[in-house]
Amino acid sequence: MNGIHDMGGMHGFGEIDVDDASFHDDWERAVFAVEKLLRYQSIYGIDEKRHAIERIDPETYLNVSYFERWALGSETLLLENGTIDQNELRAAVNRGDGINLVDDRATDRSGDGELVKLTRDGFRQDAAYDRDPIEPQYNLGMRVVVRNDHPAGHTRCPRYVRRARGTIEDVRGTYVVPDEAAHGEEVAEPLYAVRFNANDLWNDDTDGDAIYVDLWERHLKRASETTAGRAATEDER
């Protein structure tokens with residue numbers, strides 16, 4: 001979907017603030033832990049969560065922090081799938097208002113070996129989205145063009161590469177398509193690493209050489225050998 005979250009290549013937000021710190025406050029650690037444990041219990045998947053965050057209204061999205069978006073997305077999904085209701089949410093907010101998550105509510109469970117093992121196993125569990133191989137339509141070095149699709153739902157195809165031509169740099173295997181998984185459906189397709197010349201995307205307004213984007217087969221078409229840069233033929237629109 002073309003929401004405010006899809007900000008790649010947009011101007012007007014100043015320089016990117018490079019900050020490698022994982023957390024800036026203890027409440028962010030709590031949000032992270034809750035998120036991992038919710039997914040470990042299969043209450044929702046990562047793509048459903050991304051789509052929930054994308055549905056945050058643009059003004060709110062721009063005025064809250066990264067982990068606040070995580071918390072808002074979790075609230076949306078837990079309410080939508082009936083895990084909690086509005087009354088339970090309001091009660092939880094009232095109970096937690098003003099407390100210190102670490103000092104006031106933390107309980108020492110380090111002696112509970114079963115709980116510790118369950119939690120550690122959950123955090124170490126890899127996201128397994130690879131599936132049985134499907135013969136890919138595109139091979140290494142093949143020129144492709146990105147479909148100019150603008151779905152209302154979730155998509156992992158960013159706006160700034162749509163209609164752009166690229167080259168298949170790697171065929172990564174067959175993986176679950178996030179565009180479907182975000183809506184509770186599982187479809188698997190070949191996944192590709194596609195190389196785009198930076199100048200093809202932003203003309204001379206870039207100092208970069210190339211951008212690599214992972215795209216699924218549904219996002220791509222075979223490029224015409226007679227066009228250059230942005231797609232020009234009717235078939236590539």
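The structure displayed is predicted, hence computed values, not measured ones.
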Are side-chain heavy atoms of Leu79 and Gln86 found at a separation under 4.5 Å? yes

Are the side chain of Tyr138 and the backbone N or O of Leu220 linked by a donor-acceptor pair below 3.5 Å? yes

Rounded to the nearest 0.5 Å, what's the gap from CG on Asp85 to CG on Asn87? Could you check? 5.0 Å

Is any side-chain heavy atom of Met142 closer than 4.5 Å to one of Asn139? yes

For Glu48 and Ala181, which heavy atoms make the closest approach, and how far apart are they? CG-O, 3.5 Å

Less than 4.5 Å apart, side chain to side chain, heavy atoms only: is that true for Arg162 and Arg147? no

Rounded to the nearest 0.5 Å, how far apart are CZ of Arg69 and CG of Asn63? 9.5 Å

Considering only NZ, NE, NH1 and NH2 on the basic side and carboxylate oxygens on the acidic side, decide whether Glu35 and Arg39 come within less than 4.0 Å. yes

Here the pair of heavy atoms bringing Tyr160 nearest to Gly8 is CD2-O, 3.6 Å

Do you know which two heavy atoms are closest between Pro190 and Pro136, and how far apart they sit? CG-CA, 3.9 Å

Under 4.5 Å between any side-chain heavy atoms of Leu77 and His51, yes or no? no

Shortest non-hydrogen contact from Ala164 to Leu201? CB-CD2, 3.6 Å

Do Tyr66 and Ile46 belong to the same hydrophobic cluster, where Ile, Leu, Val, Met, Phe, Trp and Tyr are linked whenever their side-chain heavy atoms lie under 4.5 Å apart, directly or via other members? no

CG-OG1 distance between Asp130 and Thr174, expressed to the nearest 0.5 angstrom: 9.0 Å

Under a 3.5 Å cutoff, is there a donor and acceptor pairing between the side chains of Glu68 and Tyr61? no

Nearest heavy-atom neighbours spanning Val31 and Ala71: CG1-N, 4.2 Å

Under 3.5 Å, is there a donor-acceptor pair between the side chain of Asn81 and the main chain of Thr83? yes

Stepwise side-chain hydrogen bond (donor to acceptor under 3.5 Å, both in side chains) test for Asn148 and Arg159: CA-CA 9 Å; Asn148 187 27; Arg159 271 182 294 185; over 6 Å; no

Determine whether the aromatic ring centres of residues His183 and His154 are separated by less than 6.0 angstrom. no

I would like to know whether His150 and Met1 meet side-chain contact (heavy atoms from CB on, under 4.5 Å); could you show each step before the answer? CA-CA 6 Å; His150 300 261; Met1 61 190 295; over 6 Å; no

Would you compute the distance between atom CD of Glu54 and atom OG1 of Thr155 and round it to the nearest 0.5 angstrom? 8.5 Å

Note: Pro58 and Ile4 closest approach over all heavy atoms is CA-CG2, 3.8 Å

Distance only, no hydrogens: is a donor on one side chain within 3.5 Å (strictly under) of an acceptor on the other, for Ser74 and Tyr44? yes

Should we say atom CG of Asp132 is surrounded by more than 12 heavy atoms from elsewhere, each under 6.0 Å from it? no

Above 12 or not: heavy atoms from other molecules or residues under 6.0 Å from CG of Asp207? no

Compare all side-chain heavy atoms of His219 with those of Asp179 and state whether any distance is below 4.5 angstrom. yes

Would you call the rings of Phe67 and Phe32 parallel, tilted or perpendicular, taking 30° and 60° as the class edges? perpendicular

Please round to the nearest 0.5 Å and tell me the distance separating atom NZ of Lys49 and atom CD1 of Ile43. 11.5 Å

Heavy-atom distance under 4.5 Å between the side chains of Ile168 and Val194, does that happen here? yes

Under 3.5 Å, which donor-acceptor pairs link side chains of residues 208-218 to any protein atom two or more places apart or in another chain?
residue: Tyr212; atom: OH; partner: Arg195; partner atom: NE; Å: 3.2
residue: Asp214; atom: OD1; partner: Arg172; partner atom: NE; Å: 2.8
residue: Asp214; atom: OD1; partner: Arg172; partner atom: NH2; Å: 3.4
residue: Asp214; atom: OD2; partner: Arg172; partner atom: NE; Å: 3.3
residue: Trp216; atom: NE1; partner: Tyr175; partner atom: O; Å: 3.2
residue: Trp216; atom: NE1; partner: Val176; partner atom: O; Å: 3.4
residue: Glu217; atom: OE1; partner: Gln137; partner atom: N; Å: 3.0
residue: Glu217; atom: OE1; partner: Tyr192; partner atom: OH; Å: 2.4
residue: Glu217; atom: OE2; partner: Gln137; partner atom: NE2; Å: 3.2
residue: Arg218; atom: NE; partner: Glu189; partner atom: OE1; Å: 3.4
residue: Arg218; atom: NE; partner: Glu189; partner atom: OE2; Å: 3.1
residue: Arg218; atom: NH1; partner: Glu180; partner atom: OE2; Å: 2.9
residue: Arg218; atom: NH2; partner: Glu189; partner atom: OE2; Å: 2.9

Arg131 vs Glu186 side-chain heavy atoms within contact, under 4.5 Å: yes

Quick one: does Asp57's side chain have a donor or acceptor within less than 3.5 Å of a partner on Thr60's backbone? yes

How far does CZ of Arg95 sit from CD of Glu88, to the nearest 0.5 angstrom? 9.0 Å

side-chain hydrogen bond (donor to acceptor under 3.5 Å, both in side chains) between Thr167 and Arg143, intermediate numbers included: CA-CA 5 Å; Thr167 303; Arg143 296 286 284 164; 2.8 Å; yes

Applying side-chain hydrogen bond (donor to acceptor under 3.5 Å, both in side chains) to Asp19 and His24, what does each step give before you reach the verdict? CA-CA 10 Å; Asp19 182 352; His24 298 87; 2.6 Å; yes

Step-by-step salt bridge (charged side-chain N to carboxylate O under 4.0 Å, His left out) determination, Arg55 to Glu80: CA-CA 13 Å; Arg55 288 183 280 150; Glu80 287 180 347; 2.8 Å; yes

Please tell me if the side chains of Arg90 and Val93 come closer than 4.5 Å, counting only heavy atoms from C-beta onward. no

